[in-house]
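In the text below, chain A, chain B and the rest are named by the order of the sequence lines, each starting its count at 1. The figures here come from the full heavy-atom set of this structure, side chains too, leaving out hydrogens, waters and symmetry mates.
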There are 2 protein chains.
Amino acid sequence: MSVRNGLVALLAEQPMHGYQLRQEFERRTGGTWPLNIGQVYTTVHRLVRDGLVEPVPQGGTGSTDDASEDDAPFERFRLTDAGRAAATSWWATPVERGAPARDELAIKLALAVTSPGVDVRGVIQRQRTETLRSLRDFTRLKVTPDHRRAALAGGGQAGDVGPVDTPVADARADLAWSLVLDSLIFGAEAEIRWLDHVEARLARASHEAATLGSAAVPAVPPTDAAPPGRLGVPGAASASGADR
Amino acid sequence: MSVRNGLVALLAEQPMHGYQLRQEFERRTGGTWPLNIGQVYTTVHRLVRDGLVEPVPQGGTGSTDDASEDDAPFERFRLTDAGRAAATSWWATPVERGAPARDELAIKLALAVTSPGVDVRGVIQRQRTETLRSLRDFTRLKVTPDHRRAALAGGGQAGDVGPVDTPVADARADLAWSLVLDSLIFGAEAEIRWLDHVEARLARASHEAATLGSAAVPAVPPTDAAPPGRLGVPGAASASGADR
DNA sequence: TCCCTGTGCTTACCGGGTAACCTCGTCCAT
DNA sequence: ATGGACGAGGTTACCCGGTAAGCACAGGGA
């Protein structure tokens with residue numbers, strides 16, 4: 001739903017056609033999540049079907065020619081009343097976090113831990129390397145804006161970097177992109193911390209199993225410590241109450 | 001790919017039929033991510049198509065009746081050699097974190113920050129409430145194992161809790177479920193921290209904008225028409241001066 | 001002239017995910 | 001015994017997110 005809702009939000013600002021939607025979306029997220037043009041159109045058409053969006057009537061016949069420079073021969077879309085309602089409702093409703101999305105890493109480790117013969121430690125170490133790598137990339141991007149886009153999403157897709165920026169107006173877009181990056185950084189840090197945590201738990205469990213004889217891996221003292229060295233990520237000073 | 005890979009990993013332990021796959025998957029993730037049976041079968045059939053899995057030949061004719069209690073009339077699946085290779089390769093390869101998955105919340109805030117007339121502070125506050133709520137639920141679950149499942153994933157789906165547990169063997173499943181919960185907790189904490197961070201950044205930005213005169217932060221529209229109307233989003237009264 | 005590039009758009013296709021449905025076999029009450 | 005309820009096991013149709021390939025058209029050089 002994120003794309004769908006995002007498009008509605010963009011259309012709430014002004015009518016646009018498909019390419020513009022894509023451009024705006026990517027500009028404001030710093031190109032972090034490239035948006036396939038096909039998806040834009042199918043999504044918009046679904047929105048039309050659902051009555052949230054309607055095509056702006058083309059000036060085709062008759063009154064086209066007056067004042068407005070409605071020269072574009074392209075189909076533009078705008079919100080209906082229902083669409084506007086959906087937009088405000090989206091802003092008013094938090095993103096649901098209660099039936100969390102499937103996380104491949106969590107699933108993988110859950111299965112690894114319960115599968116005989118899997119080298120869990122190895123899995124964790126390799127994952128940590130990978131996650132640290134991406135974390136480093138993110139922080140580097142943060143320091144060197146690189147004139148954004150590119151970078152992430154390794155897939156080819158011709159680079160466009162160019163001086164497309166409307167000179168002044170989008171300090172706001174820079175802010176947004178910077179916040180998105182922070183989000184990725186915070187997420188990666190949490191993942192690292194979790195990996196450390198898992199490793200510690202496993203070490204403790206296997207140690208106990210060893211010393212206490214075979215007695216079935218006692219089920220988890222409910223709480224524990226979060227050891228990690230707080231990994232110093234520039235600009236990611238943690239604000240609120242620690243992890244625990 | 002998480003489900004697909006997970007099924008391969010499960011089948012690496014022993015041949016199973018669809019229902020068993022679902023049970024095992026849910027047991028080891030503590031029911032955090034309920035798996036629709038239809039998805040199991042379509043996924044398994046794709047695996048068969050791709051040569052990673054094959055049905056165990058039914059004991060139909062002839063030699064069925066010897067020693068093995070191969071009494072099940074149901075189709076069971078097992079890995080092929082290619083499947084086993086895929087499994088070990090999955091364990092050996094970290095989950096990619098470089099083209100991060102779309103995160104609805106990050107997208108939403110990026111758009112909120114760049115949209116005129118959106119009450120960003122309100123969005124953040126509501127989200128924080130929601131995320132804190134789920135965080136609380138997670139930690140409560142952690143303290144009170146509740147005999148797991150249920151709880152998350154509000155959708156109906158008859159509860160089954162029962163004493164299905166194979167008495168001893170799955171202290172490991174408890175461990176796995178506990179780790180999954182930790183993962184959710186770490187993620188939620190990171191989200192909270194990020195929300196705080198965003199709020200602080202916005203406060204700082206708006207403060208600077210205020211003291212330094214109007215300077216930057218001009219109108220938004222990089223392209224064409226900017227109907228001065230500023231779109232009257234009904235009910236989206238900007239409570240705070242955070243942005244703009 | 002021809003070709004390249006960029007804009008705007010369409011289409012076919014795939015995989016994840018859900019819901020509704022079907023078939024058996026077993027158990028139990030009438 | 002019969003027939004309903006129920007659970008295990010499985011199939012199907014459908015939707016949505018997402019990708020790739022292609023079409024049409026308009027400048028702008030070499």
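As judged by a 4.0 angstrom heavy-atom cut-off over every strand, B:V3 is placed among residues touching the sugar-phosphate backbone only.
Donor-acceptor pairing under 3.5 Å is recorded for the side chains of A:T131 and A:E191. Under the 3.5 Å distance criterion, with hydrogens and angles disregarded, no donor-acceptor pair is assigned to the side chains of A:K108 and B:S2.
D:dA8 atom P lies 11 Å from atom CD1 of B:I37, rounded to whole Å. Going from atom CD of B:Q39 over to atom C1' of D:dC15 covers 13 Å, rounded to whole Å. Between the CD atom of B:Q23 and the P atom of D:dG10 there is a distance of 11 Å, given to the nearest Å. Atom CZ of A:R46 is separated from atom C1' of C:dT11 by 13 Å (rounded to the nearest Å). The CD atom of B:E75 sits 12 Å away from the C1' atom of D:dT11 (whole-angstrom rounding). One can place CG of A:N36 at 16 Å from P of C:dT7, the figure rounded to the nearest angstrom. One interatomic measurement links the two molecules: CD of A:E26 to P of C:dT7, which rounds to 12 Å at whole-angstrom precision. Between B:L21 atom CG and D:dA8 atom P the separation is 15 Å, expressed in whole Å.
Across A:T114 and B:A176, no two heavy atoms sit closer than the pair CG2-CB, 3.7 Å.
Side-chain nitrogen and oxygen atoms of A:R22 include none within less than 4.0 Å of the OP1 or OP2 phosphate oxygen of C:dG8. The phosphate of C:dT10 has OP1 or OP2 within less than 4.0 Å of a side-chain N or O from A:H45. The phosphate of C:dT7 (OP1 or OP2) has no side-chain N or O of A:H17 nearer than 4.0 angstrom. Under 4.0 angstrom from either OP1 or OP2 of C:dC9 there lies at least one side-chain N or O belonging to A:Y41. For the pair A:R49 and D:dC16, the criterion of a side-chain N or O lying under 4.0 Å from OP1 or OP2 is met.
Few gaps surround CD on B:E104; more than 12 heavy atoms of other groups in view lie less than 6.0 Å from it.
Taking for each of A:M1 and A:G38 the nucleotide of DNA chain D with the nearest heavy atom, the 5'-most of the two is the partner of A:M1. The residue among B:Y19 and B:T42 whose nearest nucleotide of DNA chain D is located toward the 5' end is B:Y19.
Atom-to-atom distance recorded for B:N36:CG and B:R22:CZ is 7.5 Å, nearest 0.5 angstrom.
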